[in-house]
Amino acid sequence: MSRSLLDLSPPSESHLKILDVIRRIPKGRVATYGQVAELAGLPGRARLVGHILRNNPMAANVPWHRVINAAGKISVRSGEGPQMQRRRLRAEGVTFTAPGKVNLDRHLWRR
DNA sequence: GCGGTGACGGTCG
DNA sequence: CCGACCGCCACCG
(Lines give C-alpha, C1' and ligand atoms only; values in the text may rest on other atoms or scores of the structure.)
Protein backbone atom coordinates (compact mmCIF):
# COMPACT_ATOMS: atom_id res chain seq x y z
CA MET A 1 0.00 0.00 0.00
CA SER A 2 1.14 3.46 -0.59
CA ARG A 3 1.76 5.21 2.62
CA SER A 4 3.26 8.59 2.20
CA LEU A 5 2.67 10.78 5.18
CA LEU A 6 1.73 9.03 8.34
CA ASP A 7 3.54 5.75 8.62
CA LEU A 8 6.89 7.10 7.68
CA SER A 9 6.77 10.17 9.86
CA PRO A 10 8.81 9.55 12.97
CA PRO A 11 7.52 11.46 15.98
CA SER A 12 9.75 14.50 16.04
CA GLU A 13 10.22 16.54 19.15
CA SER A 14 8.35 19.56 17.84
CA HIS A 15 5.60 17.23 16.84
CA LEU A 16 5.19 15.85 20.32
CA LYS A 17 5.48 19.23 21.92
CA ILE A 18 2.71 20.62 19.83
CA LEU A 19 0.41 17.74 20.59
CA ASP A 20 1.26 18.16 24.23
CA VAL A 21 0.25 21.80 24.20
CA ILE A 22 -3.03 20.99 22.52
CA ARG A 23 -3.71 18.48 25.24
CA ARG A 24 -3.49 21.29 27.76
CA ILE A 25 -6.24 23.36 26.19
CA PRO A 26 -9.03 23.31 28.76
CA LYS A 27 -12.41 22.00 27.87
CA GLY A 28 -14.70 24.74 26.70
CA ARG A 29 -11.78 26.89 25.57
CA VAL A 30 -10.04 27.24 22.24
CA ALA A 31 -6.55 28.22 21.13
CA THR A 32 -5.25 29.53 17.83
CA TYR A 33 -2.64 27.76 15.75
CA GLY A 34 -0.19 30.51 16.45
CA GLN A 35 -0.87 30.34 20.14
CA VAL A 36 -0.28 26.62 20.22
CA ALA A 37 2.95 26.99 18.30
CA GLU A 38 4.16 29.67 20.64
CA LEU A 39 3.33 27.73 23.77
CA ALA A 40 5.19 24.81 22.24
CA GLY A 41 8.26 26.99 22.00
CA LEU A 42 7.92 27.32 18.24
CA PRO A 43 6.96 30.93 17.59
CA GLY A 44 6.01 31.73 14.03
CA ARG A 45 5.22 28.18 13.14
CA ALA A 46 1.45 28.19 13.26
CA ARG A 47 1.31 26.36 9.98
CA LEU A 48 3.31 23.54 11.37
CA VAL A 49 0.50 22.96 13.82
CA GLY A 50 -1.90 22.73 10.93
CA HIS A 51 0.32 20.28 9.13
CA ILE A 52 0.54 18.05 12.14
CA LEU A 53 -3.18 17.97 12.77
CA ARG A 54 -3.69 17.31 9.11
CA ASN A 55 -1.34 14.36 9.12
CA ASN A 56 -2.64 13.05 12.40
CA PRO A 57 -6.33 12.66 11.64
CA MET A 58 -7.20 10.87 14.82
CA ALA A 59 -4.77 12.75 16.99
CA ALA A 60 -5.74 10.28 19.68
CA ASN A 61 -6.16 11.84 23.07
CA VAL A 62 -5.77 15.23 21.49
CA PRO A 63 -8.59 17.76 21.53
CA TRP A 64 -7.78 18.88 18.00
CA HIS A 65 -11.17 20.54 17.72
CA ARG A 66 -10.09 23.24 20.19
CA VAL A 67 -7.60 24.59 17.70
CA ILE A 68 -8.86 27.31 15.39
CA ASN A 69 -7.35 30.18 13.45
CA ALA A 70 -6.71 33.69 14.71
CA ALA A 71 -9.95 34.93 13.21
CA GLY A 72 -11.87 32.51 15.37
CA LYS A 73 -12.87 30.45 12.38
CA ILE A 74 -12.59 26.76 11.82
CA SER A 75 -9.81 26.01 9.41
CA VAL A 76 -10.33 22.33 8.95
CA ARG A 77 -11.10 21.67 5.32
CA SER A 78 -11.32 17.94 4.89
CA GLY A 79 -14.74 16.38 4.57
CA GLU A 80 -16.74 16.22 7.72
CA GLY A 81 -14.01 17.81 9.74
CA PRO A 82 -15.59 21.25 9.98
CA GLN A 83 -18.96 19.94 11.07
CA MET A 84 -17.48 17.62 13.60
CA GLN A 85 -15.31 20.36 15.00
CA ARG A 86 -18.22 22.71 15.42
CA ARG A 87 -20.30 20.00 16.98
CA ARG A 88 -17.65 19.07 19.47
CA LEU A 89 -17.09 22.66 20.46
CA ARG A 90 -20.77 23.23 21.00
CA ALA A 91 -20.92 20.13 23.10
CA GLU A 92 -18.39 21.78 25.40
CA GLY A 93 -20.40 24.93 25.67
CA VAL A 94 -18.46 26.98 23.17
CA THR A 95 -20.59 29.66 21.54
CA PHE A 96 -20.41 31.06 18.04
CA THR A 97 -20.94 34.55 16.71
CA ALA A 98 -21.53 33.24 13.21
CA PRO A 99 -21.64 29.85 11.53
CA GLY A 100 -18.21 28.39 12.07
CA LYS A 101 -16.95 31.35 13.99
CA VAL A 102 -16.07 30.96 17.63
CA ASN A 103 -16.66 33.76 20.09
CA LEU A 104 -13.03 34.36 20.95
CA ASP A 105 -13.77 37.06 23.51
CA ARG A 106 -15.48 34.41 25.50
CA HIS A 107 -13.55 31.23 24.86
CA LEU A 108 -10.00 31.99 23.86
CA TRP A 109 -7.67 30.18 26.19
CA ARG A 110 -5.86 32.79 28.31
CA ARG A 111 -2.76 31.80 30.07
C1' DG B 1 19.98 15.91 -2.63
C1' DC B 2 17.75 20.16 -4.29
C1' DG B 3 14.06 23.30 -5.64
C1' DG B 4 9.14 24.35 -6.61
C1' DT B 5 4.75 24.36 -4.60
C1' DG B 6 1.12 24.94 -1.58
C1' DA B 7 -0.69 24.80 3.09
C1' DC B 8 -6.06 23.22 8.87
C1' DG B 9 -1.86 30.61 9.42
C1' DG B 10 -1.28 35.59 10.50
C1' DT B 11 -1.40 40.29 9.55
C1' DC B 12 -2.33 44.46 7.27
C1' DG B 13 -4.97 47.54 4.28
C1' DC C 1 -16.00 41.46 5.97
C1' DC C 2 -12.87 40.31 2.32
C1' DG C 3 -8.76 40.16 -0.28
C1' DA C 4 -3.73 40.62 -0.87
C1' DC C 5 0.60 39.95 0.86
C1' DC C 6 3.89 37.83 3.94
C1' DG C 7 6.78 34.24 6.06
C1' DC C 8 7.79 29.61 7.48
C1' DC C 9 8.39 24.99 6.16
C1' DA C 10 6.83 19.91 5.14
C1' DC C 11 5.93 17.36 1.05
C1' DC C 12 6.81 15.54 -3.53
C1' DG C 13 8.75 15.40 -8.04
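Keep in mind that what you see is a predicted model, and the values were worked out from it rather than measured. Letters A, B, ... are given to chains in the order of the sequence lines, protein chains preceding strands, and every chain is numbered from 1.
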Separation of [N] [atom2] from [X] [atom1] (nearest whole Å):
X: Lys73(A); N: dG10(B); atom1: NZ; atom2: P; answer: 12 Å
X: Leu19(A); N: dC8(B); atom1: CG; atom2: P; answer: 16 Å
X: Ile74(A); N: dG10(B); atom1: CD1; atom2: P; answer: 14 Å
X: Glu38(A); N: dC8(C); atom1: CD; atom2: P; answer: 15 Å
X: Ile52(A); N: dA10(C); atom1: CD1; atom2: P; answer: 9 Å
X: Trp64(A); N: dG9(B); atom1: CH2; atom2: P; answer: 14 Å
X: His51(A); N: dT5(B); atom1: NE2; atom2: P; answer: 16 Å
X: Ile18(A); N: dA10(C); atom1: CD1; atom2: P; answer: 10 Å

Between dG10(B) and Thr32(A), is there an OP1 or OP2 to side-chain N/O distance shorter than 4.0 Å?
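Answer yes for this pair, as a side-chain N or O of Thr32(A) is under 4.0 Å from OP1 or OP2.
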
Reckon Asn55(A) has a side-chain N or O less than 4.0 Å from the OP1 or OP2 of dC11(C)?
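Answer yes for this pair, as a side-chain N or O of Asn55(A) is under 4.0 Å from OP1 or OP2.
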
Is the backbone N or O of Pro43(A) less than 3.5 Å from a side-chain atom of Glu38(A), with the two atoms forming a donor-acceptor pair by type?
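Such a contact is absent between Glu38(A) side chain and Pro43(A) backbone.
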
Check whether any side-chain N or O of Gln35(A) sits under 3.5 Å from a backbone N or O of Ala70(A) as a donor-acceptor pair, and report yes or no.
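Not at all, since once roles are kept as given, no pair shorter than 3.5 Å links the two residues.
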
Under 4.0 angstrom, heavy atoms only, what part of the nucleic acid is Arg77(A) near: base, sugar-phosphate, or nothing?
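Arg77(A): backbone/sugar contact only, no base atoms under 4.0 Å.
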
Is it the case that the side chains of Ser75(A) and Asn69(A) hold a donor-acceptor pair, with the cut-off being a distance below 3.5 Å and no angle test?
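There is such a pair (donor and acceptor under 3.5 Å, judged by atom type) between the side chains of Asn69(A) and Ser75(A).
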
For Glu92(A) and His107(A), test the side chains for any donor-to-acceptor distance below 3.5 angstrom and give the result as yes or no.
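Checked: Glu92(A)/His107(A) side chains show no N/O donor-acceptor pair below 3.5 Å.
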
Between Arg47(A) and Ala98(A), which residue's closest nucleotide on DNA chain C lies nearer the 5′ terminus?
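So the residue in question is Ala98(A).
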
If you check the [X] side chain, which of [options] turns out closest?
X: Arg45(A); options: dC1(C), dA10(C), dC8(B); value: dA10(C)
X: Ser75(A); options: dT11(B), dA10(C), dC8(B); value: dC8(B)
X: Arg54(A); options: dG9(B), dC2(C), dC8(B); value: dC8(B)
X: Ala70(A); options: dC8(B), dA10(C), dG10(B); value: dG10(B)

May I ask which nucleotide in the shown strands pairs with [N], Watson-Crick or G-U wobble, both distances under 3.5 Å?
N: dG1(B); value: none
N: dC8(C); value: none
N: dC8(B); value: none

I need the minimum non-hydrogen distance between Ser14(A) and Arg45(A), along with the two atoms involved.
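Between these two residues, the closest heavy atoms are OG-NH1, 4.4 Å.
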
